[in-house]
Protein chains: 2
Amino acid sequence: MAGRAAVPEVIWARPERTGRGPKPAFTRADIAAAAVRIADAEGLDAVSMRHVAAELGCGTMSLYNYVPRKEDLYELMVDAVGAEHELFEPTGDWRADMLRNAEETRAIMYRHTWVPRLMSGLFGFSPNTLRYLEHCLACLEPLDVPAGTKTELIALLNGVVTTYAANDIATIERTRSMPWSEEEENAVRMAYLGSQVATGAYPRLAAAFMEQSGPVDLEAVFRRALERLLDAYDPGLR
Amino acid sequence: MAGRAAVPEVIWARPERTGRGPKPAFTRADIAAAAVRIADAEGLDAVSMRHVAAELGCGTMSLYNYVPRKEDLYELMVDAVGAEHELFEPTGDWRADMLRNAEETRAIMYRHTWVPRLMSGLFGFSPNTLRYLEHCLACLEPLDVPAGTKTELIALLNGVVTTYAANDIATIERTRSMPWSEEEENAVRMAYLGSQVATGAYPRLAAAFMEQSGPVDLEAVFRRALERLLDAYDPGLR
DNA sequence: CCTAGTTACGTACACCGTACGTAGTGCGCT
DNA sequence: AGCGCACTACGTACGGTGTACGTAACTAGG
């Protein structure tokens with residue numbers, strides 16, 4: 001009468017050890033770190049149970065003692081990089097603080113290009129996520145709006161950061177396993193875009209396409225978008 | 001001296017047929033429709049080359065005559081649902097028009113819950129995407145800002161729609177292959193969140209948690225976020 | 001002490017994407 | 001007219017995946 005749990009489970013609610021039996025050889029942090037190492041070096045698709053187990057030097061199935069499903073491994077990974085957020089002392093300038101938080105999130109995503117792909121699709125209430133949320137709320141203390149509005153602002157900011165980073169990073173991640181470079185891929189896609197625009201079927205798009213001179217400064221675009229968003233929540237500007 | 005193309009390729013740049021040899025048994029639209037049907041009914045993970053081929057009634061490897069890589073199949077799928085956008089005549093009220101566009105995008109994602117997962121990670125210049133982009137630019141004609149700012153706004157709106165829908169939809173998609181329901185999963189996760197908040201480690205989060213009475217109206221939150229975003233780009237409000 | 005709950009892990013299964021080889025088909029060129 | 005070649009179709013096979021299940025070793029609680 002064993003049977004696996006036919007009921008959902010949050011990995012964070014499961015204690016790391018239960019006291020009985022041999023001492024576990026690894027901690028959750030060990031496993032997360034190994035998976036992150038692999039994902040950073042070889043891409044998210046290289047993160048397989050076998051590969052992670054090999055990195056740790058244990059049998060594949062032993063991993064399942066720590067992580068009931070692979071998806072939980074993903075949750076460990078996201079939580080692990082969440083620890084890279086610097087939870088600085090709020091300065092009292094909520095705009096500056098939130099900008100700093102957003103820039104940091106963006107930096108983390110560029111350090112770990114697989115994060116955006118995992119972020120959408122995760123419920124995201126891991127310990128480090130909660131800590132970061134609390135930190136953001138602390139930064140927003142000076143902002144005089146209801147708490148609900150604050151969490152909405154945080155969600156919106158995070159969403160925008162993720163969106164921008166994901167779009168920018170997607171090509172990098174995709175070309176990782178391809179025999180051609182990111183630049184080649186972009187060139188081909190841009191060439192197609194150019195050919196389509198040249199048909200005249202998209203006049204306004206063509207105009208926008210022509211207007212821009214030189215490559216887009218994504219960093220600047222990103223910062224502008226953030227400023228706009230903060231404006232929209234700034235009571236001093238309405 | 002055959003060898004596969006060692007150079008990137010955009011599926012949309014490849015012609016549907018080349019004239020020589022037997023007539024293809026299917027069109028790209030057939031294949032996309034079959035894949036969409038499977039994804040809608042059984043989830044994105046059920047979309048395998050074998051499954052799609054079976055749905056079409058042909059051998060697995062025959063698919064590769066139409067679609068060089070599985071990722072291209074994904075692009076076909078995204079483009080196919082992109083056709084569901086109603087390209088209405090702009091009313092002159094750019095805010096209302098863009099709201100309508102966003103709501104429609106959201107509706108499409110709820111109809112095809114696998115779309116968000118594919119959206120992030122795709123470069124996204126398929127024919128229907130281009131058409132939709134052009135349509136948005138048409139809606140933004142009355143807005144007196146540079147074309148670059150308009151595309152930024154469109155990107156931002158789409159990003160936010162995707163993010164919000166993704167978060168909301170993730171649980172549905174995830175529980176599809178699980179032996180428990182979406183509600184059960186959500187309940188377990190909320191219980192964990194509550195237990196964490198109750199530890200007192202996250203006072204501000206706790207306050208925000210307590211403040212809300214009853215379940216969150218995601219639709220309303222979404223609409224508020226959109227309004228804020230539009231505010232951020234509305235010259236009349238600055 | 002003993003036993004129940006763990007950890008560890010080898011084996012096995014069903015499924016995946018897709019490289020490759022072969023056979024048949026019909027357009028384009030000479 | 002007829003040859004050749006580019007194309008479609010598709011069976012087989014390979015190396016990978018997540019993970020269910022069974023067995024052996026181990027240790028804390030009663």
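Keep in mind the model is a prediction, meaning the values are calculated, not measured. A note on names: the letters A, B, ... follow the listed sequences, proteins ahead of strands, and every chain is numbered from 1.
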Exercise for review: Grab the two heavy atoms, one from A:A155 and one from B:Y164, that are nearest each other, plus how far apart they are.
Suggested key: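 The pair with the smallest heavy-atom distance is CB-OH, 4.1 Å.
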Practice item. Using the salt bridge (Lys or Arg N to Asp or Glu O under 4.0 Å) rule, take B:E134 and B:R131 through it: C-alpha gap first, then chi angles, then the decisive distance, then the call. Key: CA-CA 5 Å; B:E134 179 74 15; B:R131 260 193 287 276; over 6 Å; no
**Study point:** Under 4.0 Å protein heavy-atom contact, by nucleotide of nucleotides 8-18 of chain C - B base, S sugar-phosphate only
**Key:** BBBB----BBB
Close N or O pairs between protein and nucleotides 2-4 of chain C (under 3.5 Å):
from	atom 1	to	atom 2	distance (Å)
C:dA4	N3	A:R20	NH1	3.3

Exercise for review: Working to the nearest 0.5 Å, report the span between CD1 of A:I38 and CG of A:D45.
Suggested key: 12.5 Å
Check your understanding: In whole angstroms, how far is the P atom of D:dT8 from the CZ atom of B:R28?
Key ->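 These atoms are roughly 11 Å apart.
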Does [Y] offer a backbone N or O that forms a donor-acceptor pair with the side chain of [X] under 3.5 Å?
| X | Y | value |
| --- | --- | --- |
| B:E16 | B:R28 | yes |
| B:D30 | B:T27 | yes |
| B:Y202 | A:L130 | no |

Check your understanding: Can you list the residues that meet the salt bridge (charged side-chain N to carboxylate O under 4.0 Å, His left out) rule with B:R20, with sequence neighbours excluded?
Key ->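 Testing B:R20 for salt bridge (charged side-chain N to carboxylate O under 4.0 Å, His left out), a comparison that skips the adjacent residues, returns none.
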Check your understanding: If we ignore angles and hydrogens, is there a donor and acceptor under 3.5 Å between the side chains of B:E182 and B:T175?
Key -> no
